[in-house]
K.L.:
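Below are the structure tokens for one structure; questions will follow.
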Amino acid sequence: MVREEISRLLQGAAAAAQQSGLLPQVTLPEITVEPPQRPEHGDYATNLALRLARSARMAPSQIARILIQSLPANDVIARAEVAGAGFINIVLRPEWVSAQLEGILAHGQRFVHNDQGQGRRVQVEFVSANPTERCHAGSGRAAALGDSLANLLALSGWQVQREYLVNDAGGRLQALGETILARYLQALGHPAEVPQDGYHGEFLRQLGQELAAELGDQIMELGHDAAVTHLARLAVERIVALHKADMDALGVHFDTWFREQALHDHGEVAATVELLRERGYVSEREGAVWFSSTALGDDKDNVLIRSNGVPGYLAADIAYHRDKFVRRGFERVIDVWGADHQGHVSRMKAGVQAIGVDPDRLTIIIHQLVTLRRGGEVVKLSKRTGNIVALADVIEEVGRDACRFFFLARSPESQMEFDLDLAKEESEENPVFYVQYSHARTASVLEKAEQRGISPQAWGLGAPDVAVLQHPAELALARFLLRYPEVIYDAAAQLEPHRLTFFAQELARIFNAFYRDCRVLPSERSPHDPPLPVSAARLRLVAAAQQVLAHVLGVIGVTAPRHMARVEEEVLA
RNA sequence: GCCCCGGUAGCUCAGCGGAUAGAGCAGCCGCCUUCUAAGCGGCCGGUCACAGGUUCGAUUCCUGUCCGGGGCACCA
């Protein structure tokens with residue numbers, strides 16, 4: 001990465017300055033090198049001198065001057081100067097920047113890789129929607145976030161597993177079975193009521209009808225309890241299949257669909273409660289078994305096993321995480337949860353700690369909820385009444401690419417407002433089309449060059465020399481492309497895939513500016529034709545831009561089309 | 001009452017210790033004989049909720065207040 005290169009040079013400068021006595025022997029702070037906000041402040045800037053001022057007891061600008069003088073000889077930096085209160089602004093050598101393009105093209109996709117993970121195993125668990133409803137829009141947000149995060153980690157040297165937890169056990173499953181049974185009976189013309197704590201939505205009513213039509217009255221022979229269990233199992237399988245279809249529609253694929261029931265079946269839940277007991281984190285009162293999470297800093301204790309003998313979700317969740325860390329041996333686990341689960345974070349952390357796992361190995365990303373608007377009004381969400389907007393409908397309306405991009409275009413902690421009408425009406429104005437269009441342009445130029453047999457060989461030029469690239473728009477594009485590995489690195493380190501959508505848009509903007517200012521292919525009669533060597537070098541630049549655009553779209557989960565045809569408006573009556 | 005996340009341009013949102021706070025959309029004005037105008041240039045638009053504090057420096061960190069969302073079950 002470019003900034004590492006610069007960082008090394010600065011380190012060398014500081015060491016040299018200390019050796020010669022120009023700077024006192026103080027320990028260096030961590031050197032941060034980043035692109036400044038304003039282009040006139042150079043390609044990269046560092047506040048090293050400012051950070052050093054206090055310990056060195058010298059004026060920042062003086063330190064900056066010394067550092068610049070002490071920079072070792074190199075072919076990277078064209079110019080470094082003191083600016084503002086003591087920043088060091090750095091301008092890269094254009095020849096060096098251009099030469100890096102060949103690196104991008106030669107290394108292919110490997111040029112974005114980094115080794116943060118060092119081959120360690122990480123699991124990203126996301127979506128894990130309860131099998132009592134279709135996926136709603138919030139699941140789309142979790143899907144886009146989790147999948148792109150997994151992509152980022154994979155690029156950063158982690159061995160990644162994508163997991164979806166199927167909550168096919170516990171009290172809600174009972175309510176699901178009761179609900180389905182009631183709907184099933186109703187469909188067959190028998191009197192039945194969905195219980196108060198059941199699911200009253202249209203979706204399960206239809207599922208009950210479907211099952212009634214398929215199974216006839218054979219379920220009625222089972223008796224109530226057996227019927228509830230049987231129907232619950234049937235319903236779970238159908239609903240999970242629908243969830244899977246929704247994920248497929250978004251281009252999200254999981255490595256494992258983990259069944260909670262398996263934990264119960266294999267005695268892992270009971271074993272986990274026993275382990276907690278051995279470690280002294282269990283107390284019994286009011287007929288229930290409690291997890292003493294207050295001992296680990298949580299705000300209150302929580303029930304592990306209810307007084308009716310049934311383990312609650314917390315016992316299952318701790319067992320589940322023990323399974324991830326201990327049995328399956330993940331170094332790190334990342335859970336993506338909606339804001340409605342925010343209250344569970346502290347007890348999950350406490351639970352992991354109680355079973356002897358360093359809680360820092362568990363990261364829980366909370367994304368805020370998605371608010372839907374239709375016709376300018378908030379669509380009220382209620383699982384009880386079943387008035388939800390299904391993810392499948394959103395994908396249908398807006399399209400997979402726009403969905404993925406839109407869901408990822410905000411940081412997880414900000415609430416998202418999804419105006420369905422607007423998203424539909426303005427889909428052509430959606431930023432995703434802008435980025436895709438830029439990619440299509442790169443493809444178009446390269447294709448045209450191929451069709452016309454344009455190549456350095458055809459011109460008798462030999463290998464293209466990117467050092468001829470000198471135009472500001474060319475260099476701006478080249479410099480920006482070189483930032484991509486840095487963006488990937490930071491987004492992975494911070495677990496913030498939404499940065500990629502902003503990078504993609506900015507790259508598209510810079511590419512379009514280049515496209516406007518710098519003609520790539522000779523047209524045979526235009527006075528603006530570039531000389532052939534420039535044309536050849538620009539083709540290399542376009543190829544590099546295409547590679548980066550296609551790559552970032554891939555990480556986001558959006559297709560990179562080679563052609564985009566505008567749908568002509570019908571203007572004739 | 002307690003806990004979590006927000007409050008930045010008309011709208012949706014980035015930025016989150018540094019140099020004149022950004023983008024998209026909306027609005028206004030221009031640009032198609034030239035590699036796709038789903039494009040490009042320009043203009044308009046901000047007390048970064050409010051009040052204190054820490055700092056050489058705060059939209060960014062801390063405390064408090066107000067506003068919006070979510071959570072505080074022997075549901076998950």
Side-chain angles (χ1 to χ4, degrees), chain A residues 36-38 40-41 45 47 50-51 53-54 60 83-87 89 128 130 132 167 169-175 197 260 285-290 299-300 302-314 316-317 338-346 366-369 371 406 409-419 422 426-438 440-449 452 454 498-499 501-502 505-506 508-509 512-513 515-529 535 538-539 542 563-567:
Chain A
Q37 272 185 19
R38 311 185 70 80
E40 59 267 33
H41 292 148
N47 61 359
L50 289 157
R51 300 278 307 276
R54 184 187 290 270
F87 295 99
N89 292 340
S128 301
N130 282 331
T132 52
N167 291 107
R172 297 320 300 172
L173 195 74
Q174 178 75 15
D197 69 341
E260 184 190 333
R285 57 179 181 271
E286 298 155 42
V289 178
W290 297 73
D299 54 349
K300 58 176 194 268
N302 300 92
V303 166
L304 286 171
I305 300 177
R306 293 184 270 162
S307 51
N308 64 4
V310 178
Y313 80 94
L314 183 61
D317 260 0
D340 52 340
H341 288 70
Q342 161 274 130
H344 309 321
V345 173
S346 59
I366 297 292
H367 68 83
Q368 295 301 310
L369 302 179
T371 305
F406 191 89
R410 283 136 176 77
S411 68
E413 62 266 20
S414 86
Q415 281 171 236
M416 178 183 291
E417 194 162 285
F418 201 132
D419 189 322
L422 200 68
E426 299 196 344
S427 61
E428 300 218 344
E429 297 298 326
N430 194 306
V432 68
F433 289 95
Y434 181 74
V435 179
Q436 290 182 312
Y437 182 68
S438 297
R441 272 184 159 170
T442 61
S444 171
V445 171
L446 296 173
E447 224 166 76
K448 200 139 282 183
R452 287 170 48 189
I454 291 174
H498 71 274
R499 295 180 182 215
T501 59
F502 293 92
Q505 287 178 82
E506 201 171 343
R509 196 161 37 245
N512 281 328
Y515 181 86
R516 177 200 67 222
D517 290 341
C518 302
R519 196 184 163 81
V520 178
L521 304 174
S523 69
E524 286 148 16
R525 52 172 174 238
S526 165
H528 304 299
D529 278 357
S535 199
R538 284 179 180 170
L539 274 168
V542 171
H563 302 278
M564 288 186 82
R566 181 173 201 167
V567 180

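Every value quoted in this text rests on a predicted model; they were computed, and no experiment measured them. The analysis underlying the following values was restricted to heavy atoms, covering all of them including side chains, and did not include hydrogens, waters or symmetry mates. Here is how names work: the chains are called A, B, and so on, in the same order as the sequence lines, proteins then strands, and each is numbered from 1.
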K.L.:
Atom CD of A:Glu413 to atom P of B:rC16: distance rounded to whole Å?
P.N.:
11 Å
K.L.:
Output the rounded distance in Å from OH (A:Tyr437) to P (B:rA38).
P.N.:
5 Å
K.L.:
Nearest to the side chain of A:Glu40, heavy atoms from C-beta on, is which of B:rA38, B:rU20, B:rA19?
P.N.:
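Nearest to the side-chain atoms of A:Glu40, counting from C-beta on, is B:rU20.
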K.L.:
For B:rC4 and B:rG45, measure between their P atoms and round to the nearest Å.
P.N.:
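Each nucleotide's P atom is 40 Å from the other's.
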K.L.:
Have a look at A:Ser444 and say if it touches a base, only the backbone sugar-phosphate, or nothing, with a 4.0 Å heavy-atom cut-off.
P.N.:
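Here A:Ser444 touches the bases of the nucleic acid.
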K.L.:
Using side chain to side chain donor-acceptor pair (under 3.5 Å) as the criterion, list what pairs up with A:Arg441, not counting sequence neighbours.
P.N.:
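Partners of A:Arg441 under the side chain to side chain donor-acceptor pair (under 3.5 Å) test: A:Asn512.
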K.L.:
Figure out the CE/P separation between A:Met416 and B:rG7, and round it to whole Å.
P.N.:
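In whole Å, B:rG7 P and A:Met416 CE are 14 Å from each other.
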K.L.:
Hey, does A:Ala288 reach any base, or is it just sugar-phosphate, or nothing, if we go heavy atoms under 4.0 Å?
P.N.:
base
K.L.:
Send over the distance from A:Phe87 CZ to B:rG18 P, rounded to a whole Å.
P.N.:
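Taking CZ of A:Phe87 and P of B:rG18, I get 8 Å after rounding.
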K.L.:
Heavy atoms only, 4.0 Å cut-off, all strands: where does A:Pro60 land among base, sugar-phosphate and nothing?
P.N.:
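Here A:Pro60 touches no strand at all.
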K.L.:
In whole angstrom, give me the gap between the P atoms of B:rU55 and B:rG15.
P.N.:
28 Å
K.L.:
How is A:Leu50 classified with respect to the nucleic acid when contacts are heavy atoms under 4.0 Å: base, sugar-phosphate, or nothing?
P.N.:
base
K.L.:
Could you summarise the pairing of RNA chain B as dot-bracket text, marking Watson-Crick and G-U pairs under 3.5 Å with ( ) or [ ] inside the strand and | across strands?
P.N.:
(((((((..((((....[...)))).(((((.......))))).....(((((..]....))))))))))))....
K.L.:
Determine the interatomic distance between C1' on B:rG27 and the same-named atom on B:rC44; round to the nearest Å.
P.N.:
8 Å
K.L.:
Under 4.0 Å, counting only non-hydrogen atoms across every strand here, what does A:Ala316 touch: a base, just sugar-phosphate, or nothing?
P.N.:
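Contact class for A:Ala316: none.
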K.L.:
Using atom CD of A:Gln436 as one end and atom C1' of B:rU36 as the other, report the distance to the nearest whole Å.
P.N.:
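Result: 14 Å.
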K.L.:
Using the 3.5 Å cut-off, write out each protein N or O paired with an N or O of nucleotides 40-42 of chain B and the distance between them.
P.N.:
| from | atom 1 | to | atom 2 | distance (Å) |
| --- | --- | --- | --- | --- |
| B:rC40 | OP1 | A:Tyr434 | OH | 2.4 |
| B:rC40 | O3' | A:Arg516 | NH1 | 2.6 |
| B:rC40 | O2' | A:Arg516 | NH1 | 2.8 |

K.L.:
Calculate the interatomic distance between A:Phe406 atom CZ and B:rA23 atom C1'; express it in whole Å.
P.N.:
14 Å
K.L.:
Determine the contact category for A:Ala45: base if any of its heavy atoms lies under 4.0 Å from a base atom, sugar-phosphate if only primed atoms, P, OP1 or OP2 are that close, otherwise nothing.
P.N.:
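Answer is base: heavy atoms of A:Ala45 come under 4.0 Å of a base.
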K.L.:
So what does A:Ser411 touch, heavy atoms closer than 4.0 Å: a base, only the sugar-phosphate, or nothing?
P.N.:
sugar-phosphate
K.L.:
Counting the atoms with a prime plus P, OP1 and OP2 as sugar-phosphate, which does A:Glu506 contact under 4.0 Å by heavy atoms, base, sugar-phosphate, or nothing?
P.N.:
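Result for A:Glu506 = nothing.
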K.L.:
Side chains of A:Tyr313 and A:Arg172, heavy atoms from C-beta outward: is any pair under 4.5 Å?
P.N.:
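No, their side chains stay 4.5 Å or more apart.
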K.L.:
Give the nucleotide from the list B:rC74, B:rA38, B:rC13 with an atom nearest to the side chain of A:Met564.
P.N.:
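Of the candidates, B:rA38 comes closest.
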K.L.:
From the options B:rG18, B:rU12, B:rC35, select the nucleotide whose nearest atom is closest to the side chain of A:Glu417.
P.N.:
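Among the listed nucleotides, the one closest to the side chain of A:Glu417 is B:rU12.
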K.L.:
Set out, line by line, the N/O atom pairs under 3.5 Å between protein and nucleotides 57-59 of chain B.
P.N.:
none

K.L.:
Mind checking the C1' distance from B:rU8 to B:rG1? Whole angstroms is fine.
P.N.:
31 Å
K.L.:
For A:Arg172 and B:rA73, give me the distance from atom CZ to atom C1', rounded to whole Å.
P.N.:
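To the nearest whole Å, that distance equals 12 Å.
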K.L.:
With sequence neighbours left out, write down each residue that passes side chain to side chain contact (heavy atoms under 4.5 Å, CB included) with A:Arg516, or none if nothing qualifies.
P.N.:
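So A:Arg516 forms a side chain to side chain contact (heavy atoms under 4.5 Å, CB included) with A:Ala513.
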K.L.:
With P as the reference atom in both, quote the distance from B:rC67 to B:rC50 in angstrom, rounded to an integer.
P.N.:
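It works out to 15 Å between them.
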K.L.:
Expressed as a whole number of Å, how far does the P atom of B:rC40 sit from that of B:rA23?
P.N.:
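The same atom, P, in both gives a distance of 13 Å.
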K.L.:
Check nucleotides 64-72 of chain B against the protein and report each pair of N or O atoms closer than 3.5 Å, with its distance, or say if there are none.
P.N.:
| from | atom 1 | to | atom 2 | distance (Å) |
| --- | --- | --- | --- | --- |
| B:rG68 | N2 | A:Gln415 | OE1 | 3.0 |
| B:rG70 | O2' | A:Ala339 | O | 3.0 |
| B:rG70 | N2 | A:Gln342 | NE2 | 2.5 |
| B:rC72 | O3' | A:Lys300 | NZ | 3.4 |
| B:rC72 | O2' | A:Lys300 | NZ | 2.6 |

K.L.:
In whole angstrom, give the distance that lies between atom CZ of A:Phe502 and atom C1' of B:rC16.
P.N.:
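Rounded to whole Å, this separation is 14 Å.
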